[in-house]
Amino acid sequence: MATTTKTGYCNGSDMLLYIGGKAVGHCTTHTTTINSETKERAVKPVAIEGISAGRWKNKGVVGLSVSISAEGLVFYQESETGYKSCLSMISKGQSVEVKCMERENADKPYLSGKFVIASLERVDAAQDDATYSISLENDGVVEFDETAITETAESTVEA
């Protein structure tokens, strides 16, 4: 089987969100936010320095968190994760398995871990498609695998 090299811009439809082992069906968008929780440290400058040297603060990372939100259309014949299955999962009050990956790369997610469903909302507007949105927050360690993201150019960022 020939390998196709991806070029140009990433199409958002190539990126999939899985909740509870299945892709989110009829998903219109999903957003992943990775946050660093920081702590500032202000120290007195050494005696030979002027007081202005103490105005600069150091920051350190003391925690990491991930939140994911998704929106989708309610579909009567849903075969993937849809509103009905999300409702079942949130009502159990337990964390769920979540994965983010490129389409056709389901065996190699770039993000995976346990998440709590923080909110589930459904909108049933008159004469319009019924929609739903879900918000997830990590429950413990989230694994990242940057090798699972297709970017062919070498990175110039140094660690």
Side-chain angles (χ1 to χ4, degrees), residues 1-41 57-124 129-159:
M1 180 176 183
T3 304
T4 305
T5 302
K6 295 179 182 180
T7 59
Y9 295 102
C10 176
N11 185 318
S13 293
D14 286 341
M15 308 311 285
L16 299 176
L17 170 65
Y18 278 59
I19 301 175
K22 290 185 177 180
V24 175
H26 296 87
C27 185
T28 56
T29 185
H30 79 270
T31 303
T32 305
T33 305
I34 304 166
N35 291 304
S36 293
E37 297 167 28
T38 61
K39 176 181 180 174
E40 288 187 348
R41 292 179 182 92
K57 297 178 182 178
N58 294 322
K59 281 196 177 199
V61 175
V62 295
L64 297 171
S65 64
V66 178
S67 60
I68 300 173
S69 62
E71 296 178 358
L73 300 173
V74 178
F75 186 63
Y76 287 122
Q77 294 86 25
E78 188 62 74
S79 61
E80 296 182 308
T81 297
Y83 178 77
K84 185 176 180 178
S85 55
C86 289
L87 183 61
S88 175
M89 286 185 263
I90 194 172
S91 68
K92 292 177 183 167
Q94 299 173 348
S95 57
V96 295
E97 284 291 332
V98 172
K99 297 178 184 178
C100 292
M101 64 201 66
E102 291 185 11
R103 183 177 298 279
E104 301 173 2
N105 214 1
D107 57 335
K108 193 168 183 183
Y110 66 86
L111 179 153
S112 61
K114 294 260 188 199
F115 283 73
V116 171
I117 300 174
S119 67
L120 179 63
E121 181 178 73
R122 180 172 167 156
V123 178
D124 298 306
D129 295 328
T131 62
Y132 70 98
S133 60
I134 187 169
S135 295
L136 303 137
E137 297 174 358
N138 70 291
D139 179 15
V141 175
V142 175
E143 297 292 330
F144 298 100
D145 181 0
E146 60 274 356
T147 67
I149 296 174
T150 301
E151 285 187 14
T152 54
E154 273 194 41
S155 174
T156 58
V157 178
E158 293 183 18

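Computed from a predicted structure; not experimentally measured.
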Query - Inter-residue atom distance N11.CG - R103.CZ, 0.5 Å rounding - result: 9.0 Å
Requested in this report: Would you mind checking if K84 and E78 are paired as a salt bridge, meaning a charged N to carboxylate O distance below 4.0 Å?
Outcome: no
**Report entry** Closest contact, heavy atoms only, T29 versus C27
**Finding:** O-SG, 3.4 Å
Requested in this report: To the nearest 0.5 Å, tell me how far H26 NE2 sits from Q77 CD.
Outcome: 8.5 Å
Query raised in the report: Could E40 and K59 be called an ion pair, given the rule that one side-chain N must be under 4.0 Å from one carboxylate O?
Result: yes
**Report entry** Minimum heavy-atom distance between M15 and Y110, given as atom pair plus value
**Finding:** CE-CE2, 3.5 Å
Query raised in the report: Are V62 and T38 close enough that some pair of their side-chain heavy atoms sits under 4.5 Å apart?
Result: no
**Report entry** Heavy-atom closest contact (R122 atom, A130 atom, distance)
**Finding:** NH2-CB, 4.2 Å
Query raised in the report: So with a 6.0 Å cut-off around CD of E104, is the heavy-atom count from everything else above 12?
Result: no
Query raised in the report: Between C100 and T32, which heavy-atom pair has the shortest distance, and what is it?
Result: SG-OG1, 4.0 Å
Query raised in the report: Which value, rounded to the nearest 0.5 Å, describes the distance between S69 atom OG and I134 atom CD1?
Result: 10.0 Å
Query raised in the report: Is a side-chain donor-acceptor pair under 3.5 Å present for T150 with E102?
Result: yes
Could you pull out all donor-acceptor pairs under 3.5 Å where a side-chain atom in residues 86-96 meets a protein atom, sequence neighbours excluded?
| residue | atom | partner | partner atom | Å |
| --- | --- | --- | --- | --- |
| S91 | OG | L87 | O | 3.3 |
| S91 | OG | S88 | O | 2.8 |
| S95 | OG | D139 | OD2 | 3.3 |

Report task. State, yes or no, whether a side-chain contact exists between K108 and D145 at a heavy-atom distance under 4.5 Å. Result -> yes
Report summary line: One should read off an interatomic distance between E71 CD and E121 CD, to the nearest 0.5 angstrom, of 9.0 Å
Query raised in the report: Could you go step by step and tell me if T31 and I68 meet the side-chain contact (heavy atoms from CB on, under 4.5 Å) rule?
Result: CA-CA 6 Å; T31 303; I68 300 173; over 6 Å; no
Requested in this report: Begin from the C-alpha positions of V66 and F115 and carry the test side-chain contact (heavy atoms from CB on, under 4.5 Å) through to its verdict.
Outcome: CA-CA 9 Å; V66 178; F115 283 73; 3.9 Å; yes
Query - H30 versus L16, closest heavy-atom pair with distance - result: CE1-C, 3.9 Å
Query raised in the report: Any side-chain heavy-atom pair from L120 and Y83 closer than 4.5 angstrom?
Result: yes
Report task. Please answer whether the main-chain N or O of E137 pairs with a side-chain N or O of S67 as donor and acceptor at a distance below 3.5 Å. Result -> no
Report task. Working to the nearest 0.5 Å, report the span between CD of E97 and OH of Y18. Result -> 14.0 Å
Query raised in the report: Which pair of non-hydrogen atoms, one from Y132 and one from L73, has the smallest distance, and what is that distance?
Result: CE2-O, 3.7 Å
Requested in this report: Could you walk me through whether V116 and L136 pass the side-chain contact (heavy atoms from CB on, under 4.5 Å) test, one step at a time?
Outcome: CA-CA 6 Å; V116 171; L136 303 137; over 6 Å; no
Query raised in the report: About how many Å separate OG of S85 and CD of E80, when rounded to the nearest 0.5 Å?
Result: 10.0 Å
